[in-house]
There are 2 protein chains.
Amino acid sequence: MNIQKFSVSDALLERSPGQEGDIFAGNVIDQRHGGPVTIGFGRYGPLQNLSETMTVHDTMVVLEGRLTVSTDAATVTAGPGEVIYMPQGEAVTIRSHEEGAVTAYVTYPHWQEARG
Amino acid sequence: MNIQKFSVSDALLERSPGQEGDIFAGNVIDQRHGGPVTIGFGRYGPLQNLSETMTVHDTMVVLEGRLTVSTDAATVTAGPGEVIYMPQGEAVTIRSHEEGAVTAYVTYPHWQEARG
């Protein structure tokens, strides 16, 4: 594969599996392309809430808005240009604020395969 | 490891190995932390130029400014909020523009180990 460039508009944003809120994700690189990581974009509506146990190592870059991620042991909030790292195995709650959020993410391994 | 949040100010930016230009990189997560990916931030001065053959799969998110990446087969330019994926094995030239650039990156595997 050659180098590639992506914007959020290149991602087909779909509701994240297993949740009913206004949280959407779309991969631009994943298991279909033969590499080791999945790359994608996410969009969170205002005041949304998503709890999950991480099946992959997920690096999330906040592009717009703010997100707060909590575990039993820690709470962090990131705004534009900041990064939140969520290691495999952590039980996290991701919460958006009034302004919603847009993210880019990189997961290892591929999250759609890890979910089964 | 628990969840963690990082800003560019958390990275100790050092001149990239093997080059003399105004290009600096600093890991915030890497082989020292036991996970599979390296996460870091980069800073490019104006009109810099870096050529290398990728030893890892590198996902670069442009946070400020613009970067142009070229191979024999393709040239892409990304601005804030856009992502450039550089697969392992590609020979790339990364070029900054007048305004320089700030990036976040995720590599698999760890780039410092892959370089040897």
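Note on naming: letters A, B, ... go to the chains in the order of the sequence lines (proteins, then strands), and numbering restarts at 1 for each one. These numbers come from a predicted model, not from an experiment.
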Comparing B/Asp58, B/Val83, B/Val62, B/Ile84 against chain A, the one with the most heavy-atom pairs below 4.5 Å turns out to be B/Val83
Checking heavy atoms, do the side chain of A/Thr103, its backbone, both or neither come under 4.5 Å from chain B? neither
Any chain of hydrophobic side-chain contacts (each under 4.5 Å) joining B/Val92 to B/Leu50? yes
Could you look at B/Ala104 and say if it's the side chain, the backbone, both or neither that has a heavy atom under 4.5 Å from chain A? side chain
Nearest heavy atoms of A/Lys5 and B/Val76, plus distance in Å: CB-CB, 3.7 Å
Are A/Leu13 and A/Ile94 joined in one hydrophobic group, where the rule is that I, L, V, M, F, W and Y side chains link up if heavy atoms are under 4.5 Å apart? no
Determine, step by step, whether B/Glu90 and A/Asn2 satisfy the side-chain contact (heavy atoms from CB on, under 4.5 Å) criterion, reporting the C-alpha distance in whole Å, the side-chain angles of both residues, the deciding distance to 0.1 Å, and the verdict. CA-CA 7 Å; B/Glu90 289 292 313; A/Asn2 211 301; 3.6 Å; yes
Which one, A/Ile29, A/Thr71, A/Val61, A/Val37, leads in non-hydrogen pairs under 4.5 Å with chain B? A/Thr71
Heavy-atom proximity to chain B below 4.5 Å, by part of A/Val69: both
Closest approach of A/Phe41 to B/Gly81 (non-hydrogen atoms, all atoms of both residues): CE2-O, 3.8 Å
Taking a hydrophobic cluster as the set of Ile, Leu, Val, Met, Phe, Trp and Tyr residues connected by side-chain heavy atoms closer than 4.5 Å, whether directly or through intermediates, do A/Leu67 and A/Val8 fall within one such cluster? no
Is chain B contacted by the side chain of A/Ala73, its backbone, both, or neither, given a heavy-atom distance below 4.5 Å? both
Using the rule side chain to side chain contact (heavy atoms under 4.5 Å, CB included), only one of A/Ile39, A/Val28, A/Val106, A/Ile3 pairs with B/Tyr85; which is it? A/Ile39
Atom pair CD (B/Glu82) and CG (A/Asp10), whose distance is rounded to the nearest 0.5 Å: 8.0 Å
d(A/Phe6 CZ, B/Thr59 OG1) to nearest 0.5 Å is 9.0 Å
What option among A/Ala78, A/Ala74, A/Ser70 has the most heavy-atom pairs under 4.5 Å with chain B? A/Ala74
